[in-house]
Asker: 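Have a look at this one.
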Amino acid sequence: MGKYLIRRILIAIPVLLMVTVFCFGMVNLAPGDPSDLYLSQNATQVQKQEMKKNLGLDKPVYIQYVKWLEKTFQGDLGFSFASRTPVTEVIPAKLAATVELLICTLILSYALAIPLGIVCARHQGGWLDNTITGVSFLGVSIPGFFFGLGMVYIFAVELHWLPTGGMSSLGQSSGFLDRLSHIIMPTIVLSLFYCSNMLRYVRSSMIDIFSENYMRTAVSKGLSKKVVLWRHGFRNALVPIITVISSDIPKMLGGAVVTEQIFSWPGLGQLTISSIGSRDYPMLMAINLIAAVGVLICNLVADVLYAVVDPRIRY
Amino acid sequence: MVSKVVLSLSNLHVKFKTLSGTVNAVRGISYDLYEGETLALVGESGSGKSVSTKAITKVLPQNATISGDSIIYQGEDLLKKGDSKMNKIRGSEIAMIFQDPMTSLNPILPVGFQIAEPIIEHQHLSKEKAKEKAIKLMERVGIVKAEERYSQYPHQFSGGMRQRVMIALAVACHPHIMIADEPTTALDVTIQAQIIELLKELNKEFNMSTIFITHDMGVVANIADRIAVMYAGKIVEFGTANEIFFNPKHPYTWGLLMAVPDVNIKDQDLYTIPGMPPNLLHVPKGDPFAFRNKYALNIDLEKEPPMFKVSDTHYAATWLLDEKAPKVEPPKEILDRWKYFENHIENMQKKS
Ligand SMILES: Nc1ncnc2c1ncn2[C@@H]1O[C@H](COP(=O)(O)OP(=O)(O)OP(=O)(O)O)[C@@H](O)[C@H]1O
Ligand SMILES: [Mg+2]
């Protein structure tokens with residue numbers, strides 16, 4: 001296992017490098033020139049050259065990349081073009097906001113999806129199952145931004161129950177309830193898809209498991225329903241559940257871009273959009289790097305967890 | 001043999017609700033199981049052997065409905081017991097072994113713990129005590145290095161070893177009744193013989209009554225005191241092993257006996273009963289075996305035959321036993337197989 005992990009981490013390094021090369025290329029290929037954005041429209045050619053030099057954009061792309069890589073290895077992610085502050089100073093607060101949103105989403109999604117999925121599987125084909133499965137079908141089909149705007153209209157604009165956006169109310173000491181009221185809607189909107197998606201996976205895995213011979217053995221031992229369900233049934237569903245979670249988290253990061261935009265949630269998603277708008281290359285690269293590392297960590301953790309829950313999996 | 005009755009089924013019915021209609025899988029089964037005996041249920045695939053025994057402890061899928069007059073165990077009617085009361089009986093008083101040892105154990109729990117589980121549940125022992133007991137049981141069923149293997153997982157065991165684990169699990173709480181549903185069908189011949197020997201030993205040791213399901217008549221001759229022949233959800237012939245092998249009355253039983261390969265004749269074509277069992281969604285009128293039966297009488301197409309008494313221990317449901325029916329002799333191929341059956345049955349009697 002230890003050896004396996006070290007090998008996995010070693011493989012992750014070239015993967016990460018490739019991702020950064022790819023992202024660097026994409027970012028630079030995107031139309032628009034940062035030096036234009038930070039100068040007035042009637043700036044001279046000389047001023048433009050000066051600006052390019054300041055931003056380090058006068059060299060060929062591959063040299064820029066090597067420079068970026070060199071600095072990144074030293075823990076220096078450069079200066080943000082837009083705010084002229086070090087990237088490493090901007091990122092933490094944004095990352096924290098996004099992580100907060102993701103954790104709330106994970107908890108809400110799975111705390112609903114897992115028990116409901118099991119209930120559906122137990123009453124397969126019954127009215128309860130049909131209702132829940134129907135709703136979850138809607139959940140995976142409704143676009144997040146549509147649902148989000150609808151929520152804002154109803155609960156913020158019409159009913160005034162919840163704030164329209166942000167992480168906390170301005171000018172007030174942000175207490176727990178205030179923060180809670182701000183995070184409710186973005187969490188629900190982001191959860192809609194992941195909850196429905198997980199529910200469908202749990203439901204179908206549990207249906208398969210209920211027809212397994214070892215479940216019949218467990219019942220014929222005289223174990224209580226609860227023990228049969230959790231110890232013998234649910235534990236066998238953990239492998240597919242881990243797979244879904246480990247692929248959900250990176251997807252959620254993508255989903256957060258839209259959700260944060262709708263609810264002006266000051267996280268990485270919003271930062272991504274504004275950085276694209278301002279051609280803030282160093283910021284975009286830093287965000288990409290974080291996302292890539294996040295995905296790799298998720299996969300690694302998933303692999304470790306597989307071996308923990310299923311003794312047949314050994315590395 | 002005047003023994004105590006430990007289990008008494010009367011008029012058991014099991015129906016399944018399916019998308020295409022109601023399947024009448026078990027259509028009125030009655031028998032008594034005596035203390036210490038081995039009762040074999042035989043019959044073709046789909047005749048209701050498994051379903052009728054799973055109904056005893058109610059381990060059937062949700063679309064099944066069990067009905068009937070009663071299933072009396074220790075003076076109480078199991079049909080009237082709810083799930084939590086049944087849980088006290090399952091595994092502790094009535095234990096089951098299933099056909100497929102490869103999939104009957106939970107792949108993610110240690111094998112030893114799966115044996116200890118019913119001990120903890122029913123005898124309320126501590127984990128350590130239960131472990132000790134489980135290791136002893138593993139040794140008893142022939143698993144070497146039991147202590148070490150206690151914490152291994154099913155995928156580390158061969159099919160035969162897994163079936164030994166299943167057996168250890170079944171006898172863990174010293175049940176009165178063991179239901180073994182084709183426990184050897186998935187195993188190769190030498191392992192089969194070992195497992196059957198083991199089951200016979202344990203039945204003696206723990207004084208269990210056994211319901212043994214199989215469609216291998218050779219195995220039946222080896223293990224059974226009495227035999228119930230099942231067809232289309234009913235028992236069509238019932239008798240002691242000697243009666244069924246040497247004086248069978250039902251043409252279906254004849255067919256089953258003729259289907260046993262005769263070791264004395266080389267290169268023979270294996271006999272099979274013509275046709276297929278009826279679809280239990282629509283059970284035909286009259287005797288459901290009639291359309292496959294060359295001895296069928298006209299009345300078979302009209303009326304299902306009742307159980308005719310042949311002797312105090314021997315009954316068969318065929319109109320051939322009616323006093324107005326023509327006298328028919330069983331096919332002579334059955335006589336050819338007597339020697340073979342005799343050997344098996346003698347072996348069995350020698351051992352006991
Ligand atoms: N869950 C179910 N739903 C619908 N029908 C079922 C179900 N389980 C069993 N049956 C039907 O019940 C009948 C009896 O099945 P059973 O499993 O008892 O046969 P069997 O005698 O044990 O056969 P085998 O030798 O193949 O094990 C079959 O016709 C089968 O199709
Ligand atoms: Mg069966």
Side-chain angles (χ1 to χ4, degrees), chain A residues 1 118-130 202-243 302-315, chain B residues 17 19 50 53-54 56-63 83-111 113-122 151-156 162 165-166 169-170 172-173 175 178-179 181 186:
Chain A
M1 185 77 174
I118 294 173
V119 167
C120 284
R122 279 185 84 140
H123 305 281
Q124 189 194 351
W127 64 269
L128 195 61
D129 176 33
N130 289 339
V202 172
R203 176 180 178 275
S204 69
S205 319
M206 289 306 287
I207 286 174
D208 288 348
I209 288 169
F210 283 141
S211 66
E212 290 281 356
N213 287 342
Y214 58 75
M215 292 297 277
R216 188 183 57 194
T217 307
V219 173
S220 74
K221 282 180 186 178
L223 304 173
S224 70
K225 267 208 168 90
K226 225 166 75 193
V227 173
V228 172
L229 176 65
W230 293 103
R231 189 189 290 158
H232 288 267
F234 184 67
R235 280 179 63 164
N236 275 287
L238 284 176
V239 167
I241 287 176
I242 291 168
T243 310
D303 278 347
V304 172
L305 289 179
Y306 286 149
V308 172
V309 300
D310 191 338
R312 285 165 297 183
I313 299 172
R314 282 281 165 267
Y315 303 114
Chain B
K17 279 204 184 63
L19 288 178
S50 300
T53 47
K54 282 177 190 157
I56 296 172
T57 53
K58 302 185 191 164
V59 292
L60 286 164
Q62 277 184 342
N63 64 336
D83 229 23
S84 58
K85 287 210 172 123
M86 282 308 295
N87 272 341
K88 295 216 159 53
I89 292 171
R90 293 178 185 139
S92 83
E93 317 246 338
I94 304 177
M96 304 187 94
I97 303 173
F98 301 104
Q99 170 173 352
D100 195 351
M102 300 313 268
T103 56
S104 290
L105 289 167
N106 193 324
I108 60 166
L109 292 175
V111 154
F113 175 71
Q114 297 190 54
I115 299 172
E117 217 179 4
I119 305 175
I120 298 169
E121 178 72 28
H122 296 295
S151 47
Q152 291 185 345
Y153 292 89
H155 69 277
Q156 291 162 295
R162 286 190 212 187
V165 171
M166 281 300 294
L169 193 165
C173 298
M178 158 122 89
I179 298 171
D181 190 347

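The figures that follow rest on heavy atoms only: side chains count, while hydrogens, waters and symmetry mates do not. Throughout, a chain's letter reflects where its sequence line sits, starting with A, and its residues are numbered from 1.
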Asker: Among B/P107, B/P118, B/S84, B/G91, which residue forms the greatest number of heavy-atom pairs with chain A at distances under 4.5 Å?
Answerer: B/P107
Asker: What's the shortest heavy-atom distance between A/T217 and B/M166, and which atoms?
Answerer: CG2-CE, 3.8 Å
Asker: Measuring from A/E212:CD to B/S104:OG, what's the distance to the nearest 0.5 Å?
Answerer: 10.0 Å
Asker: Considering only heavy atoms from C-beta outward, does the side chain of B/N106 approach that of A/N236 to under 4.5 Å?
Answerer: yes
Asker: Does the structure place the NZ or CZ of A/R312 under 6.0 Å from the centre of the six-membered ring of B/Y153, at an angle of no more than 45° from the ring's axis?
Answerer: no
Asker: Starting at OG1 of B/T103, measure out to CE of A/M215 and round the result to the nearest 0.5 Å.
Answerer: 13.5 Å
Asker: Side chain, backbone, both or neither: which part of B/K88 has a heavy atom under 4.5 Å from chain A?
Answerer: neither
Asker: Counting heavy-atom pairs under 4.5 Å to chain A, which of B/L169, B/I97, B/T57, B/I120 comes out on top?
Answerer: B/L169
Asker: Taking NZ, NE, NH1 and NH2 as the nitrogens, is one of them in A/K221 or B/E121 under 4.0 Å from a carboxylate oxygen of the other?
Answerer: no
Asker: For atom CD of B/Q156, decide whether the heavy atoms of other residues, nucleotides or ligands shown that lie under 6.0 angstrom number more than 12.
Answerer: yes
Asker: Which atom names give the shortest non-hydrogen contact between B/E117 and A/V227, and what distance separates them?
Answerer: OE2-CG1, 4.1 Å
Asker: Hey, which of A/L223, A/D310, A/L238 has the most heavy atom pairs under 4.5 Å with chain B?
Answerer: A/L223
Asker: Just wondering, do B/I108 and A/P311 contact through their side chains at under 4.5 Å, heavy atoms?
Answerer: yes
Asker: Between A/R122 and chain B, with a heavy-atom cut-off of 4.5 Å, which part of the residue counts as in contact: side chain, backbone, both or neither?
Answerer: backbone
Asker: State the CG-NZ distance between B/D83 and A/K225, to the nearest 0.5 angstrom.
Answerer: 4.0 Å
Asker: If I compare all heavy atoms of B/M96 with all of A/S220, which pair ends up nearest, and what's the gap?
Answerer: SD-CB, 4.2 Å
